Each structure stands twice: as C-alpha cells, then as structure tokens.
Amino acid sequence: MVNAEPILKTENLQCFYGSQRVIHDLNIEVLPNEILGVIGPANSGKTTFLRALNRLNALNPSYRQSGTITFEGQDLRKIPDNLLRKKIGSIFALPQVLPISIYQNIAYGPKVHGVASKSKVDQIVEESLQKAYLWDEVKDRLDLQANRLSGGQQQRLCIARTLAVEPEVILYDEPCSGLDPISTAKVEDAMQKLKEHYTQILVTNNTKQAARVSDRTAFFLMGELVEMTDTNTLFTSPRDSRTNDYITGRFG
Amino acid sequence: MMTAKTTQKIAFVLLGLGTLLLVVVPILLTILYILVNGGSAMTWEFLSQPPRNGMKEGGILPAIVGTVVLILGTMLFALPLGILSAVYLVEYAKDNFFTRLIKLSVVNLSGIPSIVYGLFGLTLFVGFCRFGTSILSGALTLAIMSLPVVITATKEALESVPQAFREVSFSLGATRWQTVRYCVLPYAIPGILTGTVLSLSRAAGETAPILFTVAAFYLPRLPHSVYDQVMALPYHLYVISTQVPNMPLKLSFATGFVLIAIVFLMNIASVFLRAHYRKKKTW
Ligand SMILES: Nc1ncnc2c1ncn2[C@@H]1O[C@H](COP(=O)(O)OP(=O)(O)OP(=O)(O)O)[C@@H](O)[C@H]1O
Ligand SMILES: [Mg+2]
C-alpha cells in the first residue's frame, strides 16, 4: 500500500461559501482500498471536504473552490457530474432513504444508469444487499416501504444503494451518528468487508470509531489538515499537540 | 377545576364550530338557496337541449359544452407551460437578475384583473394572431390568466420536496432531468394538482376574459372546430340575468347550479387523483 498511486488527490484545495473560506490549502492523498478516517471538531470542514470530492458542494450556489482535485490521475473538472458521482458514492449522516420500497431504492441507481432488464436489476438488488449485510434481514419483504426499516437497517440500505451503482470510492459522512451501538457495529463490519473492493473515506465525530475502523486518520481543525498518518501512530503518538488535545478530549 | 386537557378540548370544539359556521354554513346555504330557486328548472331537457324561444325555453347544452371545451383547452395550454416554467425556475435556473424578474412578474400577473386579460387576448390572439373570436383565442386567454397560479402552486409543490431527495439522486449519479423526473415530480404531483384545479375552477367561472375572445351571445349549434365561437356558462348566466327582459329567474339559478356542479366535479376528481398518488408515494 505504501507505494500505491493515490486514487484521489487534492492540491492546494481551498473551499469557500460566499466570502468565507472554510478549507485552507488542503493537500491530501487517498490510497486505493484504504479506509481513511477524518476526524475533527464541528465546523472544521470535514463535510465540505467530502462533498468537494464528488462535487455535491456545487449544488450550493454560494460555493466556490480553487486548487485541483484528481481522481485516478484525471482532473475532476474533466469528469461529468453524473459519471463522477457514480464512481464516488456518498452515505449521509442521517439515513436518506427515498419513500419507496426497499427494492426500488436500490434499483434507482442502476435504472438511471440504463440497466433495463428486470432480471439484471433483481440480481443487482440481491448482490448489493448481500454486500451491505442486509439481505438476510429483508429478503422476504423487498416491497416494504424503506422508511419502515430501523435506522441501522436504513443506513445499510443506503450503503447497498450506493454499491448498486458500482462505485470505486465510498464517502461516509458521520454514518453512525444516529445509530445505536449494535447497528453501528454492523455498519462498521460492513465497511471492513468492503475494503477489498472499495476505497472508503469515513468522516466521524467519534474518534473511537476512527481508531477502530480506519487504516489512516486525518485530523482537521478549522479548515486545515493538522496531521495525517496511520491510525495507530495518530492515536498513540501524535506529532502535533493540537491533535493530542483533541483525541484526549481536552479541546476547546 | 378543569384540567388543561379539558380546556383545550373545549377550545378545539369551539374553534371547530366557529369554522363550521363561518365557512361551511354559508356555502351550504348558497347552494341550498340556488337549488330552491332553480331546482324546478333542472330537468333533463335543460341539460340536453339548446335554448329556444329567446332563450326563455329549452336548455343550456351549448353553454355546458362550451365551458367544458374551454376548460380542456385551458388545461392543454396552461398545464405544460406552467409546470415546465416552474420546473425551470425551481430546479434549473440560477438565482440572477433575469430569474428574479420572472418570479416578480409571475407574482404580479396573478394580481391583474381578469378584464385586462380579456383585452390582452383580444389584441394578441383575436387580432394579431388572427385566430378570430374562437375557442382557440378564449382558451389561450384563460390559459395566460391561469399561468401565474399554476406556476406558483407548482413552485411551492416542488420546493416542498425535501432537498435530501435531490441529493440522494445526484449522489447516485443521476442527471438533473432524471432527478426531477423520478425524485421530485412524483412527490410534487398532489400539490400541483391542488393548485391546478384551483386555477381551472377560476377560469371556468370567469366572464371577462372570454367576453371578447370566444363567448357567443346565442349560438345553439355545437362547435365543430377550434376556430368556432361557443356559448359559455358564466357569460350565458350574465346574459340571461341582465340582457333578456322577462327571463324566468329559475333559469338563471339553474345555470348557476350547473356551473357550480362542474367546478365541484373537477375538485372531486382532483381529490381522487391526489389520493391515488398519495397511496403510491408517502414519506
Ligand atoms: N451550506 C453552507 N453554507 C454556508 N456555510 C457553510 C455551509 N456548509 C458549511 N458551511 C460552513 O463551512 C464550515 C465548515 O463546515 P462543515 O460542514 O464542512 O464542517 P464539519 O467539519 O463537517 O462540521 P460537523 O462536524 O459539524 O459536521 C463551517 O464554518 C460552516 O459554517
Ligand atoms: Mg459535517
């Protein structure tokens, strides 16, 4: 993994909402198949960073950015929105299921990308649910309204829905903030098993979760990347005293 | 001592009764009054025959057909244009001077008196476009008048669809149009229907916009093409109530009742359509 080419790379990335600069000169490299944890206090720009990677920020009219982001060596600006977002999927903080059936939630992505045959969609739905470790819990009730599922199930449904469009990178923005410990464990479990095929970036407010799940961890503070190194080092012997203050809970 | 809960209950009952008195009772009384005065004229002949003998006898079939045709025509022009405009404004347009101007115009258009729309239709459709006094001119005029309400209602319906739905759709790689088509419009349909039916009901009952553009004083034969004139219920009602001497009053009331019934049927239809869509999509 050490000498692998980065799959995602930002160079001098700066992000603005109106005139407010919320990310200052960010240089970060994300390696293939790693889980990169991103921790930091509220308003440190973690969400903004994630949403810059698949250009969801662009939906906000006041958003501006400078610098370059490259995905697999290609300038992000050269990739059309819909292709980029197919390759870089997102999981939001609150499980955002659409008010349609479990089946339709997962079929949505493949359908907008032109998969027409019913049997192919059926197959994608089953495979995605299996990869997200939800299949056994829902296989008999795929026609159920997705918002009837428990929070943890909904979040795994969101993961399955993202997997259904065959992304290469999955971005998680505090995916467990609304979940109980058991559901959290299941989501973390799913993430571990997805490592084999996907690059994952996990933004979390819960430092313990980053310590449990991620291979490397980045610490953001007020729009700056303070420190990024392998998770063990960051949590046992951080270089920066601000990192130390944050992970030991002595912040603010 | 009354508990807070009982007080609240009593307050709700009183409020409910007040609403009933202020809103429901007057409507029922109006309809009752119309029925008492016009009920005896409501015969099958009245609904199925053209007027005869200086409109004092026979029925109002041509006016019923005219009004229905005008409603359909208005719908045909106002719905696609209004809904697409709202989709453009809410889902596509950037917030700039140009779109703010459009939004402002839409708001102001809904405040223009309907007679002004009538004059506008006369100048543009009857005169300039050479459609003559015709169903085409009348329906276009009514459509222009209905547009602001259709656009405003559709805008509100689109804006009330949670932003999260759009984000989910985009994050899965859907294009903007796919997002609008599959993740926004289906959830906005009930709201769009409500606004649309409201504006069509208003269009159905308007006299001023059709006065110069389509309405015929007396034309017993049914229309053959969109270039024909037609009789229409509101104008017919105006004519028989004010322009024909010695007109039996019950005919006016019966005509009014038919107009109310048409509007009422449209509302019922929209209730069923809404229920149908709600059943399919809930959140
Ligand atoms: N839509 C927006 N419009 C304007 N400013 C925004 C918007 N979203 C975020 N910001 C600002 O950008 C800064 C960074 O916010 P961001 O959401 O990226 O932080 P975060 O690290 O994800 O915080 P949290 O842990 O609370 O989720 C904050 O100062 C915030 O106020
Ligand atoms: Mg955030």
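Throughout, a chain's letter reflects where its sequence line sits, starting with A, and its residues are numbered from 1. Values below: every heavy atom of this structure, side chains too, minus hydrogens, waters and symmetry copies. Not measured: the values here are computed from a predicted model.
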Query - A/Gln104 (side chain) donor-acceptor with A/Ser101 (main chain) under 3.5 angstrom - result: yes

Query raised in the report: So what's closer than 4.5 Å to chain B heavy atoms on A/Arg161: side chain, backbone, both or neither?
Result: both

Query - Lys/Arg-Asp/Glu bridge criterion (N-O < 4.0 Å) met for B/Arg202, B/Glu206 - result: yes

Query raised in the report: Which of parallel (below 30°), tilted (30 to 60°) and perpendicular (above 60°) describes B/Phe120 and B/Phe125?
Result: perpendicular

Query raised in the report: Between A/Tyr63 and A/Phe16, is the ring centre distance below 6.0 Å?
Result: no

Requested in this report: Mind ranking A/Asp81, A/Asn54, A/Leu56, A/Leu59 by heavy-atom pairs under 4.5 Å with chain B and telling me who comes out on top?
Outcome: A/Leu59

**Report entry** Residue selection (most heavy-atom pairs with chain B, distance under 4.5 Å) from A/Val165, A/Leu98, A/Leu84
**Finding:** A/Leu98

Query raised in the report: Between B/Arg176 and chain A, which part of the residue has a heavy atom less than 4.5 Å away: side chain, backbone, both or neither?
Result: side chain

